[in-house]
A.B. asks: 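Take a look at the following structure, please.
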Amino acid sequence: MTIEIANIVGSGSLHRELKLEALESDLSTAYLEHDPSNYHGLYVRLVEDGPLITVYRSGKYIVTGATSFDELRETSEVFLRNLVQLGILDESPETGFTAQNVVCTEELPSEVDLTALSIGLGLESVEYEPEQFPGLIYRPTELPAVVLVFANGKVVITGAPDVETAEKTFESLQTQVDRYLPG
DNA sequence: TTAACGTTTTCTTATATAGCCTGATACA
DNA sequence: TGTATCAGGCTATATAAGAAAACGTTAA
């Protein structure tokens, strides 16, 4: 099994309020975007095309666009170090930074008859409306993740807090596919 | 009926996936 | 002018955050 991580979302808190306008002018080396008329959060990128940090006045922040847990952690830590260097924080606080959502892709060994699969899985855990969206949406009752299954066998797993959960979710799907669409 | 307040929804970002639609461009 | 091709946007999914708008409810 070769689950590929496409995106990880994490969040944490600095436990103190921030002046976003001041932060915007102080973080001169980062890639910044702040347009309160569009959205109230301050967007920060430490490197061009790198993960995006959304910072709020409350001191809470979100990191999106990381493709590994190392990159997610590193982004949060470098951001905190920058704030300490700028004198915005006295020292790196305990932020409680954790991954909230992992988006992964996988592939089933063969094409899938989505209509047959939706009948097999049962209407209570499946949404499949091809006129609206070409993928089948599967919510396993025992796992906190959602799976998008496409007719060509490609699969997107989202909502999982970690890779283990994503892998278990894919295994659960594969079991169901083998049961309802043998051979 | 209107004001005031409380609750809910929408917005934004990242990302994969695939089908459909629309607009732009190229060529006959 | 008509057809073909391509690119881009929208559809749906999860998640965090908080402001603002859109609701619903209650009282005067």
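Order of the sequence lines sets the chain letters (A, B, ...), proteins ahead of strands, with each chain counted from 1.
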A.B. asks: Mind calculating the distance between CD1 (A/Ile5) and C1' (C/dT15) to the nearest angstrom?
C.D. replies: 15 Å
A.B. asks: Just compare C/dT15, B/dA18, C/dG18 and give me whichever is closest to any side-chain atom of A/Asn152.
C.D. replies: B/dA18
A.B. asks: Decide, yes or no, whether a salt bridge links A/Glu21 with A/Arg57 under the criterion of side-chain N to carboxylate O below 4.0 Å.
C.D. replies: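 The answer is yes: the pair qualifies as a salt bridge.
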A.B. asks: Check the side chains of A/Thr169 and A/Glu167 for a donor-acceptor pair under 3.5 angstrom, ignoring hydrogens and angles.
C.D. replies: no
A.B. asks: Send over the distance from A/Asn7 CG to B/dT13 C1', rounded to a whole Å.
C.D. replies: 9 Å
A.B. asks: Would you mind telling me which of C/dG18, C/dA14, C/dA16 lies closest to the side-chain atoms of A/Asn101?
C.D. replies: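 Closest nucleotide among those given: C/dA14.
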A.B. asks: A/Tyr43 has an atom OH; how far is it from atom P of C/dG18, in whole Å?
C.D. replies: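 From A/Tyr43 OH to C/dG18 P: 14 Å.
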A.B. asks: Roughly how far, to the nearest 0.5 Å, is OH of A/Tyr56 from CG of A/Leu20?
C.D. replies: 10.5 Å
A.B. asks: In whole angstroms, how far is the P atom of C/dA14 from the CD atom of A/Gln100?
C.D. replies: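 Value for this atom pair: 15 Å.
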A.B. asks: For nucleotides 7-13 of chain C, tabulate all protein N/O to nucleotide N/O atom pairs closer than 3.5 Å, reporting atom names and distance.
C.D. replies:
| from | atom 1 | to | atom 2 | distance (Å) |
| --- | --- | --- | --- | --- |
| C/dA12 | OP1 | A/Gln132 | NE2 | 3.2 |
| C/dT13 | OP1 | A/Glu127 | OE1 | 3.3 |
| C/dT13 | O3' | A/Arg139 | NH2 | 3.3 |

A.B. asks: Between A/Arg45 and B/dA14, does any side-chain N or O lie under 4.0 Å from OP1 or OP2?
C.D. replies: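 The answer is yes; a side-chain N or O of A/Arg45 sits under 4.0 Å from OP1 or OP2.
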A.B. asks: Starting the side chain at C-beta, find the nucleotide from B/dA14, C/dA19, C/dA17 nearest to A/Leu52.
C.D. replies: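 The closest nucleotide is B/dA14.
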A.B. asks: So which nucleotide from B/dA18, C/dA17, B/dA14 ends up closest to the side chain of A/Lys154?
C.D. replies: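 Closest nucleotide among those given: B/dA18.
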A.B. asks: Identify which nucleotide among B/dA16, C/dA17, B/dA14 has an atom closest to any side-chain atom of A/Lys60, counting heavy atoms from C-beta outward.
C.D. replies: C/dA17
A.B. asks: Quick check on the 6.0 Å ring-centre criterion: do A/Tyr43 and A/His34 meet it?
C.D. replies: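 That pair fails the under 6.0 Å test.
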A.B. asks: Between A/Leu32 (CG) and B/dT13 (P), how many Å, whole number?
C.D. replies: 15 Å
A.B. asks: For the pair made of CG in A/Leu23 and C1' in C/dA17, what is the distance, rounded to whole Å?
C.D. replies: 16 Å
A.B. asks: Over how many whole Å does the gap from A/Tyr56 atom OH to C/dA17 atom C1' extend?
C.D. replies: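 Going from OH in A/Tyr56 over to C1' in C/dA17 covers 4 Å.
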A.B. asks: Given C/dA19, C/dA16, B/dT13, which nucleotide is nearest the side-chain atoms of A/Ser11?
C.D. replies: C/dA16
A.B. asks: What integer distance in Å separates A/His40:NE2 from B/dT10:P?
C.D. replies: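 After rounding, the gap between these two atoms is 16 Å.
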A.B. asks: Determine whether the aromatic ring centres of residues A/Phe97 and A/Tyr61 are separated by less than 6.0 angstrom.
C.D. replies: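 Close enough - the centres of the two rings lie under 6.0 Å apart.
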A.B. asks: So, A/Thr75 side chain and A/Glu71 main chain: donor-acceptor pair closer than 3.5 Å or not?
C.D. replies: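 Yes, the answer is positive, given that a donor and an acceptor are paired below the 3.5 Å cut-off.
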